[in-house]
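Okay, so here's the structure we're looking at.
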Amino acid sequence: MKIKVRFLQRAGELVPNDKKVITVESPENSTLKNLLEYIRDKISRRLGEGIIEKRLILTILVNSRVVGNLNYELEGGDSVVFLSPEMGG
């Protein structure tokens, strides 16, 4: 199944310029954690490992909805976006 992935703001600074928007071919029943493992191994170790190990805090959107559960099961055609969390005062 194909998953479209975009890295914006701080997340975009942690990946090569030619990897800011990618399409990943994932097996059925893949989770957000599986996607992060792929990102860690193929795109940016710092980004993937940082999120998995909870050292890097980013907002993760799946189809425009915030998802915080790394066991969230992805579906073909999903759009996943990694971006900086909102900050305010």
Side-chain angles (χ1 to χ4, degrees):
M1 67 181 181
K2 292 185 185 219
I3 308 293
K4 183 174 183 179
V5 182
R6 291 183 292 159
F7 302 96
L8 305 176
Q9 302 164 334
R10 175 73 177 129
E13 296 172 9
L14 298 174
V15 299
N17 283 335
D18 65 336
K19 302 289 186 192
K20 291 182 192 268
V21 178
I22 60 171
T23 299
V24 175
E25 187 68 40
S26 292
E28 295 295 321
N29 302 318
S30 289
T31 64
L32 200 49
K33 184 175 181 184
N34 297 136
L35 177 62
L36 285 165
E37 291 167 343
Y38 174 87
I39 291 167
R40 175 195 66 202
D41 296 342
K42 305 286 185 185
I43 311 272
S44 171
R45 181 177 185 92
R46 185 174 175 197
L47 181 89
E49 195 171 89
I51 295 172
I52 291 169
E53 295 179 1
K54 299 182 180 178
R55 290 182 286 111
L56 181 60
I57 306 300
L58 293 175
T59 299
I60 303 171
L61 303 176
V62 179
N63 301 325
S64 302
R65 293 188 176 177
V66 176
V67 175
N69 179 0
L70 296 185
N71 292 317
Y72 180 89
E73 194 169 306
L74 299 169
E75 297 178 7
D78 278 350
S79 174
V80 179
V81 178
F82 294 90
L83 65 150
S84 302
E86 287 189 44
M87 306 296 268

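The residues of the chain are indexed from 1 along the displayed sequence. Only heavy atoms go into these numbers, but all of them, side chains included; no hydrogens, no water, no symmetry mates.
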* Residues Val66, Leu61; criterion side-chain contact (heavy atoms from CB on, under 4.5 Å); working and verdict -> CA-CA 4 Å; Val66 176; Leu61 303 176; 3.5 Å; yes
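Annotation: side chain of Phe82 is in contact with side chain of Leu36 (closest heavy-atom distance under 4.5 Å). Within the 4.5 Å cutoff, the side chain of Leu58 has heavy atoms near those of the Leu47 side chain.
Once rounded to the nearest 0.5 Å, the distance linking CZ of Arg6 with OG1 of Thr23 reads 11.0 Å. Note that CG of Leu14 and CZ of Arg45 are 14.5 Å apart. Values are rounded to the nearest 0.5 Å. Rounding to the nearest 0.5 Å gives a distance of 10.0 Å between CG of Asn29 and CD of Glu75. Atom CG in Asn17 sits 11.5 Å away from atom NZ in Lys19 (nearest 0.5 Å).
Grouping the Ile, Leu, Val, Met, Phe, Trp and Tyr side chains by contacts below 4.5 angstrom, directly or via other members, places Leu70 with Ile43. Hydrophobic clustering keeps Phe7 apart from Val81 (ILVMFWY residues linked when any side-chain heavy atoms are closer than 4.5 Å, directly or through intermediates). Cluster annotation: Met1 and Leu32 are assigned to the same hydrophobic cluster (Ile/Leu/Val/Met/Phe/Trp/Tyr, side-chain heavy-atom contacts under 4.5 Å, transitive). Leu56 and Tyr72 fall within the same hydrophobic cluster, where Ile, Leu, Val, Met, Phe, Trp and Tyr residues are linked whenever their side-chain heavy atoms come under 4.5 Å apart, directly or through other members. By the criterion of side-chain heavy atoms lying less than 4.5 angstrom apart, applied directly or through intervening Ile, Leu, Val, Met, Phe, Trp or Tyr residues, Ile60 is grouped together with Ile52 in one hydrophobic cluster.
Applying the 6.0 Å contact sphere to CZ of Arg65 captures no more than 12 heavy atoms from other residues, nucleotides or ligands. Atom NZ of Lys20 sits in a crowded spot, with more than 12 heavy atoms from other residues, nucleotides or ligands closer than 6.0 Å.
Of all heavy-atom pairs spanning Val15 and Ser44, the tightest one is CG1-CB, 4.0 Å.
Checking side-chain atoms of Ser84 against main-chain N and O of Gln9 turns up no donor-acceptor pair under 3.5 Å. Of the possible donor and acceptor atoms, none in the side chain of Glu73 sits under 3.5 Å from a partner among the backbone N and O of Ser30.
Test Val67, Asn63, Val80, Thr31 against Leu74 for side chain to side chain contact (heavy atoms under 4.5 Å, CB included) and you get one pass: Val80.
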